[in-house]
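None of the values given here were measured: they were computed from a predicted structure.
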Amino acid sequence: MAAMTQNAPIFSNHGCRLNAYETEAMKELAAQAGVQDAVIINTCAVTSEAVRKARQDIRKLRRDHPDARIIVTGCAAQTEPDTFAKMAEVDLVIGNTEKMDPATWARLTPDLIGQTEPVQVDDIMSVTETAGHLIDGFGTRSRAYVQVQNGCDHRCTFCIIPFGRGNSRSVPAGVVVDQIKRLVNRGYAEVVLTGVDLTSWGADLPSAPKLGDLVMRILKLVPDLPRLRISSIDSIEVDDNLLSAIATEPRLMPHLHLSLQHGDDLILKRMKRRHLRDDAIRFCETARRLRPDMTFGADIIAGFPTETEEMFANSLALVRDCDLTWLHVFPYSARPGTPAARMPAVNGAAIKDRAAQLRAAGDAQVSTHLAAQIGRTHHILMESPRMGRTEQFTEVTFATDQPESRIVTAKITGHSTTYLTA
(Lines give C-alpha, C1' and ligand atoms only; values in the text may rest on other atoms or scores of the structure.)
Protein backbone atom coordinates (compact mmCIF):
# COMPACT_ATOMS: atom_id res chain seq x y z
CA MET A 1 0.00 0.00 0.00
CA ALA A 2 1.47 3.34 -1.02
CA ALA A 3 0.46 6.95 -0.62
CA MET A 4 -1.00 8.70 -3.66
CA THR A 5 1.58 11.48 -3.29
CA GLN A 6 4.31 12.18 -0.80
CA ASN A 7 2.80 12.82 2.67
CA ALA A 8 -0.73 12.03 1.50
CA PRO A 9 -2.78 10.03 4.02
CA ILE A 10 -2.67 6.25 3.79
CA PHE A 11 -5.82 4.18 4.40
CA SER A 12 -6.14 0.56 5.50
CA ASN A 13 -9.62 -0.97 5.35
CA HIS A 14 -10.89 -3.98 7.30
CA GLY A 15 -14.20 -5.81 7.15
CA CYS A 16 -17.38 -5.37 5.17
CA ARG A 17 -18.31 -3.67 1.92
CA LEU A 18 -19.87 -0.80 3.90
CA ASN A 19 -16.54 -0.17 5.62
CA ALA A 20 -14.85 -0.08 2.23
CA TYR A 21 -17.49 2.39 1.04
CA GLU A 22 -16.87 4.62 4.05
CA THR A 23 -13.11 4.41 3.56
CA GLU A 24 -13.66 5.96 0.13
CA ALA A 25 -15.70 8.69 1.80
CA MET A 26 -12.93 9.36 4.31
CA LYS A 27 -10.40 9.65 1.50
CA GLU A 28 -12.44 12.49 0.03
CA LEU A 29 -12.95 14.17 3.41
CA ALA A 30 -9.24 13.95 4.22
CA ALA A 31 -8.29 15.31 0.80
CA GLN A 32 -10.73 18.22 1.13
CA ALA A 33 -9.33 19.08 4.57
CA GLY A 34 -5.71 18.81 3.44
CA VAL A 35 -4.75 16.09 5.93
CA GLN A 36 -1.13 14.92 5.58
CA ASP A 37 1.28 12.48 7.20
CA ALA A 38 -1.45 10.25 8.60
CA VAL A 39 -2.31 6.55 8.47
CA ILE A 40 -6.02 5.76 8.97
CA ILE A 41 -7.13 2.22 9.87
CA ASN A 42 -10.86 1.54 9.43
CA THR A 43 -11.48 -1.44 11.72
CA CYS A 44 -14.05 -4.24 11.88
CA ALA A 45 -15.61 -5.66 15.06
CA VAL A 46 -17.58 -8.62 13.71
CA THR A 47 -15.32 -11.18 15.43
CA SER A 48 -12.53 -11.19 18.01
CA GLU A 49 -10.23 -12.29 15.19
CA ALA A 50 -11.14 -9.13 13.27
CA VAL A 51 -10.06 -7.00 16.23
CA ARG A 52 -6.82 -9.00 16.57
CA LYS A 53 -6.03 -8.44 12.89
CA ALA A 54 -6.68 -4.72 13.27
CA ARG A 55 -4.19 -4.52 16.15
CA GLN A 56 -1.67 -6.49 14.11
CA ASP A 57 -2.13 -4.14 11.15
CA ILE A 58 -1.68 -1.09 13.38
CA ARG A 59 1.65 -2.39 14.68
CA LYS A 60 2.85 -3.13 11.14
CA LEU A 61 1.78 0.27 9.84
CA ARG A 62 3.60 1.99 12.70
CA ARG A 63 6.78 0.12 11.77
CA ASP A 64 6.36 1.02 8.11
CA HIS A 65 5.48 4.67 8.82
CA PRO A 66 7.26 5.68 12.04
CA ASP A 67 6.69 9.41 11.59
CA ALA A 68 3.02 9.33 10.57
CA ARG A 69 0.07 9.99 12.84
CA ILE A 70 -1.83 6.69 13.40
CA ILE A 71 -5.60 7.19 13.49
CA VAL A 72 -7.95 4.29 14.28
CA THR A 73 -11.65 4.34 13.44
CA GLY A 74 -14.45 1.94 12.44
CA CYS A 75 -16.62 -0.49 14.38
CA ALA A 76 -13.90 -1.87 16.67
CA ALA A 77 -12.82 1.66 17.55
CA GLN A 78 -16.45 2.50 18.30
CA THR A 79 -17.15 -0.54 20.48
CA GLU A 80 -13.84 -0.70 22.36
CA PRO A 81 -11.99 2.62 22.02
CA ASP A 82 -9.82 2.00 25.09
CA THR A 83 -8.33 -1.11 23.48
CA PHE A 84 -6.81 1.03 20.76
CA ALA A 85 -6.18 4.17 22.82
CA LYS A 86 -3.89 2.12 25.08
CA MET A 87 -1.75 0.96 22.16
CA ALA A 88 1.54 2.85 22.07
CA GLU A 89 1.35 2.99 18.27
CA VAL A 90 -1.99 4.84 18.19
CA ASP A 91 -2.28 8.63 18.26
CA LEU A 92 -6.03 9.08 17.84
CA VAL A 93 -9.22 7.00 18.05
CA ILE A 94 -12.28 8.26 16.11
CA GLY A 95 -15.81 6.86 16.29
CA ASN A 96 -18.03 5.82 13.39
CA THR A 97 -20.02 9.05 13.49
CA GLU A 98 -16.97 11.27 13.84
CA LYS A 99 -15.19 9.69 10.86
CA MET A 100 -17.94 10.98 8.56
CA ASP A 101 -17.87 14.54 9.94
CA PRO A 102 -15.85 17.05 7.85
CA ALA A 103 -15.06 18.95 11.08
CA THR A 104 -13.14 15.94 12.38
CA TRP A 105 -10.83 15.99 9.38
CA ALA A 106 -10.46 19.77 9.51
CA ARG A 107 -9.01 19.35 13.01
CA LEU A 108 -6.38 17.01 11.58
CA THR A 109 -4.78 19.52 9.24
CA PRO A 110 -1.07 20.26 9.86
CA ASP A 111 -1.62 23.49 11.80
CA LEU A 112 -4.13 21.90 14.19
CA ILE A 113 -2.91 18.32 14.40
CA GLY A 114 -1.56 18.70 17.93
CA GLN A 115 -4.80 20.05 19.38
CA THR A 116 -7.07 17.00 19.25
CA GLU A 117 -8.38 14.78 22.05
CA PRO A 118 -6.85 11.29 21.83
CA VAL A 119 -10.29 9.62 21.85
CA GLN A 120 -13.23 11.08 19.88
CA VAL A 121 -16.02 8.51 20.19
CA ASP A 122 -19.56 9.65 20.97
CA ASP A 123 -22.70 7.62 21.71
CA ILE A 124 -23.58 5.96 18.39
CA MET A 125 -27.11 5.24 19.64
CA SER A 126 -27.86 8.97 19.64
CA VAL A 127 -27.37 9.21 15.87
CA THR A 128 -30.68 9.51 14.03
CA GLU A 129 -29.63 10.27 10.44
CA THR A 130 -27.32 8.81 7.85
CA ALA A 131 -24.23 10.90 7.21
CA GLY A 132 -24.17 12.99 4.05
CA HIS A 133 -21.31 11.09 2.44
CA LEU A 134 -22.75 9.31 -0.55
CA ILE A 135 -19.93 8.40 -2.90
CA ASP A 136 -20.62 8.38 -6.62
CA GLY A 137 -18.93 5.41 -8.16
CA PHE A 138 -17.21 3.48 -5.40
CA GLY A 139 -16.40 -0.01 -6.67
CA THR A 140 -15.00 -1.16 -10.00
CA ARG A 141 -15.26 0.83 -13.21
CA SER A 142 -18.28 -1.31 -14.12
CA ARG A 143 -20.09 -1.67 -10.79
CA ALA A 144 -20.96 0.98 -8.20
CA TYR A 145 -22.04 0.51 -4.59
CA VAL A 146 -24.70 2.74 -3.08
CA GLN A 147 -25.22 2.87 0.68
CA VAL A 148 -28.94 3.21 1.39
CA GLN A 149 -29.02 2.23 5.07
CA ASN A 150 -26.82 2.12 8.16
CA GLY A 151 -27.15 0.66 11.67
CA CYS A 152 -29.36 -2.11 13.05
CA ASP A 153 -32.33 -2.21 15.45
CA HIS A 154 -32.02 -5.95 16.15
CA ARG A 155 -29.99 -7.46 18.95
CA CYS A 156 -28.76 -10.89 17.89
CA THR A 157 -26.98 -12.43 20.86
CA PHE A 158 -23.69 -12.98 19.01
CA CYS A 159 -23.44 -9.57 17.37
CA ILE A 160 -21.63 -6.44 18.53
CA ILE A 161 -22.27 -4.50 15.30
CA PRO A 162 -25.33 -2.47 16.50
CA PHE A 163 -23.08 -0.95 19.16
CA GLY A 164 -20.62 -0.01 16.43
CA ARG A 165 -23.15 1.22 13.91
CA GLY A 166 -26.06 2.47 16.03
CA ASN A 167 -29.74 2.11 15.28
CA SER A 168 -31.12 1.73 11.76
CA ARG A 169 -31.16 4.88 9.59
CA SER A 170 -32.31 5.05 5.99
CA VAL A 171 -31.30 7.25 3.07
CA PRO A 172 -34.49 8.73 1.52
CA ALA A 173 -35.57 7.13 -1.75
CA GLY A 174 -35.31 10.37 -3.72
CA VAL A 175 -31.68 10.82 -2.69
CA VAL A 176 -30.89 7.23 -3.71
CA VAL A 177 -32.60 7.58 -7.08
CA ASP A 178 -30.79 10.83 -7.85
CA GLN A 179 -27.44 9.24 -7.05
CA ILE A 180 -28.13 6.22 -9.23
CA LYS A 181 -29.13 8.49 -12.11
CA ARG A 182 -25.75 10.21 -11.82
CA LEU A 183 -23.97 6.85 -11.79
CA VAL A 184 -25.81 5.67 -14.91
CA ASN A 185 -24.97 8.94 -16.67
CA ARG A 186 -21.32 8.25 -15.85
CA GLY A 187 -21.51 4.87 -17.56
CA TYR A 188 -21.98 2.39 -14.72
CA ALA A 189 -23.78 -0.75 -15.89
CA GLU A 190 -24.58 -2.15 -12.44
CA VAL A 191 -25.48 -0.69 -9.06
CA VAL A 192 -25.42 -2.62 -5.78
CA LEU A 193 -27.55 -1.47 -2.83
CA THR A 194 -25.70 -1.88 0.47
CA GLY A 195 -26.40 -1.43 4.18
CA VAL A 196 -25.88 -3.02 7.58
CA ASP A 197 -29.46 -4.35 7.76
CA LEU A 198 -30.72 -3.70 4.26
CA THR A 199 -34.23 -5.13 4.65
CA SER A 200 -34.93 -2.66 7.47
CA TRP A 201 -34.61 0.20 4.96
CA GLY A 202 -37.48 2.68 5.22
CA ALA A 203 -38.75 1.88 8.72
CA ASP A 204 -37.60 5.28 9.99
CA LEU A 205 -38.87 7.25 6.97
CA PRO A 206 -42.31 8.87 6.57
CA SER A 207 -44.98 6.22 5.78
CA ALA A 208 -42.37 3.50 6.49
CA PRO A 209 -41.73 2.22 2.95
CA LYS A 210 -40.12 -1.20 2.42
CA LEU A 211 -36.98 -2.24 0.54
CA GLY A 212 -39.16 -3.59 -2.27
CA ASP A 213 -40.69 -0.13 -2.69
CA LEU A 214 -37.20 1.34 -3.10
CA VAL A 215 -36.21 -1.34 -5.63
CA MET A 216 -39.35 -0.81 -7.72
CA ARG A 217 -38.91 2.96 -7.59
CA ILE A 218 -35.29 2.74 -8.77
CA LEU A 219 -36.18 0.43 -11.66
CA LYS A 220 -39.09 2.65 -12.70
CA LEU A 221 -37.36 6.03 -12.39
CA VAL A 222 -33.96 4.98 -13.75
CA PRO A 223 -34.97 3.05 -16.90
CA ASP A 224 -31.45 3.25 -18.35
CA LEU A 225 -29.92 1.31 -15.43
CA PRO A 226 -28.97 -2.07 -16.94
CA ARG A 227 -28.53 -4.05 -13.71
CA LEU A 228 -29.54 -3.60 -10.07
CA ARG A 229 -28.16 -5.90 -7.40
CA ILE A 230 -29.01 -6.29 -3.72
CA SER A 231 -26.40 -7.18 -1.10
CA SER A 232 -27.07 -9.16 2.09
CA ILE A 233 -30.70 -9.35 3.26
CA ASP A 234 -32.70 -10.86 6.10
CA SER A 235 -35.11 -13.19 4.30
CA ILE A 236 -37.81 -13.04 7.00
CA GLU A 237 -38.16 -9.28 6.35
CA VAL A 238 -38.59 -9.53 2.57
CA ASP A 239 -41.78 -7.69 1.53
CA ASP A 240 -44.31 -8.37 -1.22
CA ASN A 241 -42.93 -5.69 -3.54
CA LEU A 242 -39.46 -7.19 -3.38
CA LEU A 243 -40.92 -10.60 -4.24
CA SER A 244 -42.79 -8.94 -7.11
CA ALA A 245 -39.55 -7.37 -8.35
CA ILE A 246 -37.84 -10.77 -8.20
CA ALA A 247 -40.65 -12.23 -10.30
CA THR A 248 -41.09 -9.47 -12.87
CA GLU A 249 -37.94 -7.36 -13.15
CA PRO A 250 -35.15 -8.92 -15.25
CA ARG A 251 -32.88 -5.97 -14.42
CA LEU A 252 -32.89 -7.08 -10.75
CA MET A 253 -30.10 -9.64 -10.64
CA PRO A 254 -30.99 -13.23 -9.61
CA HIS A 255 -28.54 -13.48 -6.72
CA LEU A 256 -29.39 -12.89 -3.06
CA HIS A 257 -27.08 -13.21 -0.08
CA LEU A 258 -29.05 -14.31 2.98
CA SER A 259 -28.29 -13.69 6.65
CA LEU A 260 -29.28 -17.20 7.80
CA GLN A 261 -26.63 -17.86 10.49
CA HIS A 262 -27.83 -21.37 11.41
CA GLY A 263 -30.10 -24.26 10.47
CA ASP A 264 -31.33 -25.41 13.87
CA ASP A 265 -34.42 -23.84 15.45
CA LEU A 266 -33.17 -23.91 19.05
CA ILE A 267 -29.87 -22.29 18.10
CA LEU A 268 -31.73 -19.68 16.03
CA LYS A 269 -33.80 -18.84 19.12
CA ARG A 270 -30.67 -18.62 21.26
CA MET A 271 -29.18 -16.34 18.62
CA LYS A 272 -32.35 -14.22 18.90
CA ARG A 273 -32.92 -14.49 15.18
CA ARG A 274 -36.39 -13.71 13.83
CA HIS A 275 -36.77 -16.74 11.55
CA LEU A 276 -36.86 -20.51 11.92
CA ARG A 277 -35.36 -23.17 9.68
CA ASP A 278 -38.58 -23.72 7.72
CA ASP A 279 -38.89 -19.97 7.09
CA ALA A 280 -35.51 -19.97 5.34
CA ILE A 281 -36.35 -23.00 3.23
CA ARG A 282 -39.76 -21.58 2.32
CA PHE A 283 -38.26 -18.27 1.22
CA CYS A 284 -35.67 -19.94 -1.00
CA GLU A 285 -38.33 -22.15 -2.58
CA THR A 286 -40.58 -19.12 -3.18
CA ALA A 287 -37.82 -16.96 -4.67
CA ARG A 288 -36.64 -19.77 -6.94
CA ARG A 289 -40.20 -20.47 -8.07
CA LEU A 290 -40.57 -16.80 -8.98
CA ARG A 291 -37.12 -16.67 -10.59
CA PRO A 292 -35.84 -20.16 -11.60
CA ASP A 293 -32.28 -18.89 -12.22
CA MET A 294 -31.98 -17.46 -8.70
CA THR A 295 -28.84 -18.35 -6.73
CA PHE A 296 -28.25 -17.82 -3.01
CA GLY A 297 -25.32 -17.03 -0.82
CA ALA A 298 -25.54 -17.18 2.96
CA ASP A 299 -23.77 -16.38 6.22
CA ILE A 300 -23.57 -19.40 8.55
CA ILE A 301 -21.92 -19.57 11.97
CA ALA A 302 -20.22 -22.81 13.03
CA GLY A 303 -19.92 -23.75 16.69
CA PHE A 304 -22.33 -21.28 18.28
CA PRO A 305 -22.48 -21.85 22.08
CA THR A 306 -24.51 -24.96 23.07
CA GLU A 307 -24.39 -26.30 19.49
CA THR A 308 -24.47 -30.11 19.55
CA GLU A 309 -23.49 -32.40 16.69
CA GLU A 310 -27.18 -32.90 15.92
CA MET A 311 -27.78 -29.15 15.83
CA PHE A 312 -24.76 -28.68 13.58
CA ALA A 313 -26.09 -31.41 11.27
CA ASN A 314 -29.19 -29.25 10.76
CA SER A 315 -26.98 -26.36 9.61
CA LEU A 316 -25.06 -28.65 7.30
CA ALA A 317 -28.32 -29.98 5.84
CA LEU A 318 -29.61 -26.43 5.34
CA VAL A 319 -26.95 -25.87 2.68
CA ARG A 320 -28.63 -28.52 0.53
CA ASP A 321 -32.21 -27.86 1.69
CA CYS A 322 -31.96 -24.18 0.64
CA ASP A 323 -29.70 -25.05 -2.32
CA LEU A 324 -27.16 -22.44 -1.23
CA THR A 325 -24.25 -21.76 -3.56
CA TRP A 326 -21.94 -19.12 -2.08
CA LEU A 327 -21.24 -19.60 1.65
CA HIS A 328 -19.60 -17.21 4.09
CA VAL A 329 -18.69 -19.52 6.99
CA PHE A 330 -17.82 -17.94 10.34
CA PRO A 331 -16.29 -20.06 13.10
CA TYR A 332 -17.98 -18.70 16.23
CA SER A 333 -15.90 -16.10 18.02
CA ALA A 334 -17.08 -14.74 21.37
CA ARG A 335 -17.47 -10.97 21.49
CA PRO A 336 -17.24 -9.48 25.00
CA GLY A 337 -20.41 -7.63 25.87
CA THR A 338 -22.73 -9.92 23.91
CA PRO A 339 -25.14 -12.40 25.57
CA ALA A 340 -23.70 -15.32 23.59
CA ALA A 341 -20.28 -14.77 25.17
CA ARG A 342 -21.81 -15.89 28.48
CA MET A 343 -23.30 -19.10 27.05
CA PRO A 344 -21.58 -22.52 27.33
CA ALA A 345 -18.88 -22.61 24.67
CA VAL A 346 -18.22 -25.33 22.11
CA ASN A 347 -14.76 -26.90 22.04
CA GLY A 348 -12.43 -24.95 19.75
CA ALA A 349 -11.35 -28.01 17.78
CA ALA A 350 -14.99 -28.91 17.17
CA ILE A 351 -15.70 -25.40 15.93
CA LYS A 352 -12.81 -25.60 13.49
CA ASP A 353 -13.93 -29.02 12.23
CA ARG A 354 -17.54 -27.94 11.77
CA ALA A 355 -16.47 -24.81 9.88
CA ALA A 356 -14.37 -27.00 7.59
CA GLN A 357 -17.36 -29.28 6.95
CA LEU A 358 -19.53 -26.29 6.04
CA ARG A 359 -16.89 -24.94 3.69
CA ALA A 360 -16.58 -28.34 2.02
CA ALA A 361 -20.35 -28.45 1.56
CA GLY A 362 -20.18 -24.97 0.05
CA ASP A 363 -17.40 -26.01 -2.32
CA ALA A 364 -19.54 -28.94 -3.50
CA GLN A 365 -22.46 -26.60 -4.14
CA VAL A 366 -20.24 -24.26 -6.15
CA SER A 367 -19.03 -27.19 -8.26
CA THR A 368 -22.62 -28.23 -8.96
CA HIS A 369 -23.56 -24.69 -9.93
CA LEU A 370 -20.57 -24.26 -12.23
CA ALA A 371 -21.16 -27.59 -14.00
CA ALA A 372 -24.80 -26.68 -14.59
CA GLN A 373 -23.78 -23.55 -16.54
CA ILE A 374 -21.92 -25.42 -19.30
CA GLY A 375 -23.59 -24.71 -22.62
CA ARG A 376 -25.73 -21.90 -21.24
CA THR A 377 -25.62 -18.34 -22.54
CA HIS A 378 -25.07 -15.57 -20.00
CA HIS A 379 -25.00 -11.79 -20.03
CA ILE A 380 -21.65 -11.01 -18.42
CA LEU A 381 -20.59 -7.66 -16.98
CA MET A 382 -16.89 -7.26 -17.74
CA GLU A 383 -14.80 -6.06 -14.79
CA SER A 384 -11.51 -6.32 -16.69
CA PRO A 385 -10.68 -7.19 -20.31
CA ARG A 386 -10.76 -10.92 -19.58
CA MET A 387 -12.94 -11.30 -16.46
CA GLY A 388 -16.60 -10.59 -15.82
CA ARG A 389 -19.55 -11.84 -13.79
CA THR A 390 -22.84 -13.43 -14.75
CA GLU A 391 -26.23 -12.33 -13.50
CA GLN A 392 -25.71 -14.74 -10.55
CA PHE A 393 -22.34 -13.07 -9.77
CA THR A 394 -20.39 -16.09 -10.99
CA GLU A 395 -16.91 -15.22 -12.25
CA VAL A 396 -16.23 -15.87 -15.95
CA THR A 397 -12.84 -15.72 -17.68
CA PHE A 398 -12.25 -15.17 -21.41
CA ALA A 399 -9.34 -16.19 -23.63
CA THR A 400 -9.53 -12.92 -25.58
CA ASP A 401 -10.08 -9.32 -24.57
CA GLN A 402 -13.64 -8.07 -24.15
CA PRO A 403 -14.88 -4.46 -23.81
CA GLU A 404 -14.33 -3.51 -20.18
CA SER A 405 -17.35 -2.24 -18.19
CA ARG A 406 -19.73 -3.52 -20.87
CA ILE A 407 -22.23 -6.37 -20.73
CA VAL A 408 -21.33 -9.07 -23.24
CA THR A 409 -23.31 -12.15 -24.25
CA ALA A 410 -21.37 -15.42 -24.30
CA LYS A 411 -21.84 -19.17 -24.07
CA ILE A 412 -20.17 -20.96 -21.19
CA THR A 413 -17.70 -23.56 -22.44
CA GLY A 414 -16.04 -24.85 -19.27
CA HIS A 415 -15.16 -24.25 -15.65
CA SER A 416 -12.44 -24.57 -13.01
CA THR A 417 -13.07 -25.16 -9.30
CA THR A 418 -14.14 -21.53 -8.76
CA TYR A 419 -14.99 -19.86 -12.07
CA LEU A 420 -16.50 -20.35 -15.52
CA THR A 421 -14.80 -20.01 -18.89
CA ALA A 422 -16.34 -18.61 -22.06
Only counting residues at least two apart or in another chain, list the ones meeting ring-ring contact (aromatic ring centres under 6.0 Å, His included) with His369. Trp326
Could you list the residues that satisfy ring-ring contact (aromatic ring centres under 6.0 Å, His included) with His379, not counting sequence neighbours?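 Once residues adjacent in sequence are excluded, His379 has no partner under the ring-ring contact (aromatic ring centres under 6.0 Å, His included) criterion.
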A side-chain contact here means heavy atoms from C-beta on lying under 4.5 Å apart; do [X] and [Y] qualify?
{"X": "Arg227", "Y": "Arg251", "result": "no"}
{"X": "Arg143", "Y": "Arg389", "result": "yes"}
{"X": "Ile233", "Y": "Val238", "result": "yes"}
{"X": "Tyr419", "Y": "Val396", "result": "no"}
{"X": "Phe304", "Y": "Phe312", "result": "no"}
{"X": "Leu324", "Y": "Leu260", "result": "yes"}

I'd like to know whether Leu193 forms a side chain to side chain contact (heavy atoms under 4.5 Å, CB included) with Ile218, so could you lay out the CA-CA distance, the side-chain angles of the two residues, the decisive distance to 0.1 Å, and finally the verdict. CA-CA 11 Å; Leu193 304 183; Ile218 292 168; 4.0 Å; yes
[X] and [Y]: side chain donor to acceptor below 3.5 Å:
{"X": "Ser168", "Y": "Ser200", "value": "yes"}
{"X": "Asp197", "Y": "Gln149", "value": "no"}
{"X": "Ser315", "Y": "His262", "value": "yes"}
{"X": "His255", "Y": "Glu391", "value": "no"}

Which residues pass the salt bridge (charged side-chain N to carboxylate O under 4.0 Å, His left out) test with [X], not counting sequence neighbours?
{"X": "Arg359", "result": "none"}
{"X": "Asp293", "result": "Arg291"}
{"X": "Asp279", "result": "Arg282"}

Indicate yes or no: does Lys210 engage Glu237 in a salt bridge with an N to O separation below 4.0 Å. no
Write down the atom of [X], the atom of [Y], and the distance for their closest heavy-atom approach.
{"X": "Val366", "Y": "Thr417", "answer": "CG1-O, 3.9 Å"}
{"X": "Pro172", "Y": "Leu205", "answer": "CA-CD1, 4.0 Å"}
{"X": "Arg273", "Y": "Ser259", "answer": "NH2-O, 2.6 Å"}
{"X": "Pro336", "Y": "Ile160", "answer": "O-CD1, 3.8 Å"}
{"X": "Ala302", "Y": "Leu358", "answer": "CB-CD1, 3.9 Å"}

Interatomic distance, CD@Glu395 vs OG@Ser416, rounded to 0.5 Å, equals 8.0 Å
Quick one: pull up CD1 in Ile71 and CE in Met26 and give me the separation to the nearest 0.5 Å. 10.0 Å
Tell me whether Arg406 at atom CZ has more than 12 heavy atoms from other residues, nucleotides or ligands lying less than 6.0 Å away.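 No, CZ of Arg406 has 12 or fewer neighbouring heavy atoms, counting only those of other groups under 6.0 Å.
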Which label fits Trp105 and Phe11: parallel for a plane angle under 30°, tilted from 30 to 60°, or perpendicular past 60°?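 Because their plane-to-plane angle lies in the 30° to 60° range, the rings of Trp105 and Phe11 count as tilted.
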Salt bridge (charged side-chain N to carboxylate O under 4.0 Å, His left out), that's the test. Do Asp265 and Lys269 meet it? Break it down for me. CA-CA 6 Å; Asp265 284 349; Lys269 289 180 179 179; over 6 Å; no
Run the side-chain donor-acceptor check on residues 83-90: report pairs under 3.5 Å with partners two or more places apart or on a different chain.
{"from": "Thr83", "atom 1": "OG1", "to": "Glu80", "atom 2": "OE1", "distance (Å)": "2.9"}

